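Structure first, commentary second.
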Amino acid sequence: MTQHATPPQPLTPRPTPAQDSTGHTADPGPAPARRASSPGLGWWRDAVIYQVYVRSFADGDGDGVGDLPGVRQRLPYLADLGVDAVWLTPFYASPQADGGYDVSDYRAVDPRFGHLDDARALVAEAHGLGLRVILDIVPNHTSDQHPWFRRALAGDAAARERYHFRPGRGEGGTLPPNDWESVFGGPAWSPVPGEPGLWYLHLFAPEQPDLDWRHPKVHEEFDSVLRFWLDLGVDGFRIDVAHGMVKAEGLPDIGAGEQARMIGSQELPFFDQDGVHDIHRAWRRLLASYGPDRITVAEAWAPTPERLALYVRPDECHQAFNFHFLRAGWDTGQLRTVIEESMAAATTVGAPTTWVLSNHDVVRHRTRLGSLARARAATLLMLALPGSVYLYQGEELGLPEVTELPDDVRQDPAFFRTAQGGRAAEGQQGLRDGCRVPMPWTSDGPSLGFGPAAGWLPQPAGWGELSVQAQTGDPLSTLELYRTALRLRRLLPGLGDSAMEWLTAPEGVLALSRPGLVCVLNTRPAPVEMAAPGELLLCSAPEESRDSMEAGAAPGRLRLPAQTCTWWAA
């Protein structure tokens, strides 16, 4: 290991910024400058990107739903947190059958979320704070209220060619055209009103009919949509269901009884078809015409890391979400295998690996991993890995999954499909609302600072103690752990897009080396004695110090606390 004559010193939490009466940071002060990426390499290769679920982030107009003005008000918070970019979930015109992922107009802002001028101002203000902006684009399906689909239902033959309309099977076409099931549960086909025997395809909710990407008009329309937002100044796109736009020729039966899943190892005729790569290549060329810094990130799932790596070949997407890492358990064997396989697959195509623990579609990782201690430790491990990191709003507060929402407030279509007898997909069993409960910003108030009125989903009792206001300045808080870790990640050049190697470690412990840094994860329920790897920089249990770790250990050794991750200057 490389020895530094003057190792980086441990960071203490920066002084608490001045706050107004809502707990909003008035003047966060400058964050450490981003370290320069390696020559010729893009900013995204080691960026930290923060996902904003717009409906639940901040409510600027008091209607109980988050909006673009609310996001604008909180941009200084994100800059102070230390992230590099913001990914915004869909805010386009939509009937909201699936939280905005059912788009009726891709060039308009839904009035619930503001106006086009709000989007333009948000992008400008984010850029002024050094934040890039990534938009969600939804190309697999539209809303059933999209003009194209409304014309299709009215009998327009040209419009129908842009979707998947098929005659049913059985006498009179009363059975669906094939055995495909929706990811949300139940059949993936719905009958066309007023036309017995005719069906249309929707891999998700019936209000989300799938587009047929074999039609050139579909390609032309989305090229135009991307240019519209690029001209407005956005820095890239997160591509929803990037692996689902092309279906196997003939739409063959699956012939299996297992429920289709967005995230799984299944080989399905409607996911991960080779034809999707032509779409991503065309979009890469389109973005390149705007300069080298506009990016796409694929929400893509493939049966193996090797298949996933195809999405990030040099002429396709810049990144793809690494759901294999998200699905790994609290087990050193699983974690090491996923990390090795993910990095090896990405390396074969020269792409960076991405790491993510939570998002708007899965149970929050504090709940999924079983404790806040594990969640904090997993975060430090993730932030120490080579590549880019995606954070989901509220994870920096240690928010748990809300598992006891009343049925009458739920809005997730997967919940309703389940309640009607369908089988919801694994990880989506009516629980997606539980990770979408509005953010707590202040310790009290009708929505804990989310807005001037109650939010669209109720916040649990006790969430005021987890708010931004309550945690800011508390050196033991999860928020300050994230802030410190993100500042260290910027300050230490070894945490960029550089090499990593494993170190020998006791059973139940992972130890890895980056240039100038060692990261050690102890998954065991008890302390583990080992040699001191260097000067302590950061511990996921912040009350722990090097002195406390050395107490009771043999000379030159320390007792690594249970269920923790530590960073050491080597």
Side-chain angles (χ1 to χ4, degrees), residues 34 42-45 47-55 57-58 60 66-76 78-79 83-94 99-101 103-110 112-140 219-242 279-280 282-299 316-321 354 359-360 388 390-393:
R34 262 197 59 79
W43 64 269
W44 61 88
R45 295 188 66 92
V48 177
I49 300 172
Y50 186 100
Q51 181 190 357
V52 167
Y53 189 73
V54 176
R55 300 177 81 212
F57 191 64
D67 48 39
L68 297 184
V71 177
R72 286 176 57 198
Q73 293 170 14
R74 300 299 185 180
L75 287 175
L78 297 178
V83 302
D84 302 296
V86 181
W87 152 32
L88 301 171
T89 56
F91 51 76
Y92 316 110
S94 166
Y101 285 91
V103 181
S104 57
D105 186 344
Y106 289 86
R107 298 175 184 82
V109 174
D110 194 287
R112 298 174 182 87
F113 302 132
H115 306 281
L116 190 59
D117 283 344
D118 293 314
R120 187 176 289 108
L122 189 156
V123 171
E125 290 182 26
H127 288 170
L129 290 166
L131 298 169
R132 300 177 191 265
V133 178
I134 296 171
L135 301 191
D136 227 316
I137 196 72
V138 188
N140 178 72
H219 290 261
E220 292 172 11
E221 170 66 3
F222 276 90
D223 283 356
S224 174
V225 168
L226 296 185
R227 290 186 183 281
F228 177 87
W229 292 105
L230 290 167
D231 289 341
L232 188 136
V234 305
D235 300 285
F237 302 93
R238 176 261 191 189
I239 306 171
D240 187 62
V241 196
I279 301 170
H280 297 310
W283 286 3
R284 179 68 174 251
R285 293 192 295 270
L286 190 158
L287 264 68
S289 70
Y290 281 80
D293 287 342
R294 311 291 181 98
I295 74 165
T296 57
V297 55
E299 185 209 23
E316 295 195 37
C317 297
H318 299 76
Q319 293 184 331
F321 288 135
T354 64
N359 64 37
H360 67 292
S388 182
Y390 281 78
L391 306 179
Y392 178 52
Q393 67 178 49

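From a predicted model like this one, the values you see are computed outputs, not experimental measurements.
Put simply, the side chain of Arg294 gets close to the backbone of Val234: a donor and an acceptor are under 3.5 Å apart. Tyr92 contributes a side-chain N or O that, together with a main-chain N or O of Asp136, makes up a donor-acceptor pair within less than 3.5 Å. Judged by distance alone, with hydrogens and angles left aside, the side-chain atoms of Asp235 form no donor-acceptor pair with the main-chain N or O of Ile134 at under 3.5 Å.
Going from atom CG of Asp118 over to atom CZ of Arg72 covers 6.0 Å, rounded to the nearest 0.5 Å. Of the inter-residue distances, the one linking Glu299 atom CD with Ile239 atom CD1 reads 10.5 Å to the nearest 0.5 angstrom. One finds the CG atom of Leu68 at 11.0 Å from the CG atom of Asp117 (value rounded to the nearest 0.5 Å).
Taking the side chain as every heavy atom from C-beta outward, Leu232 and Leu116 approach each other to under 4.5 Å. Between Val297 and Ile49 the shortest side-chain heavy-atom distance does not fall below 4.5 Å. For the pair Phe222 and Tyr106, the minimum side-chain heavy-atom distance is below 4.5 Å. The side-chain heavy atoms of Trp229 and Phe237, taken from C-beta on, include a pair separated by under 4.5 Å. Trp44 is not listed as a side-chain neighbour of Thr296, based on a closest heavy-atom distance of 4.5 Å or more.
Between the side chains of Tyr290 and Asp231, at least one donor N or O sits under 3.5 Å from an acceptor N or O. Gln319 and Tyr390 form a side-chain donor-acceptor contact under 3.5 Å, judged by distance and modelled atom types alone.
Every residue two or more places apart in sequence or in another chain was checked for a side chain to side chain donor-acceptor pair (under 3.5 Å) with Gln393, and none qualifies.
Between Tyr101 and His360, the ring planes are parallel. Angles under 30° get that label, and only those over 60° would be called perpendicular.
A salt bridge is absent between Asp105 and Arg107: the closest approach of a Lys/Arg side-chain nitrogen to an acidic carboxylate oxygen does not fall below 4.0 angstrom.
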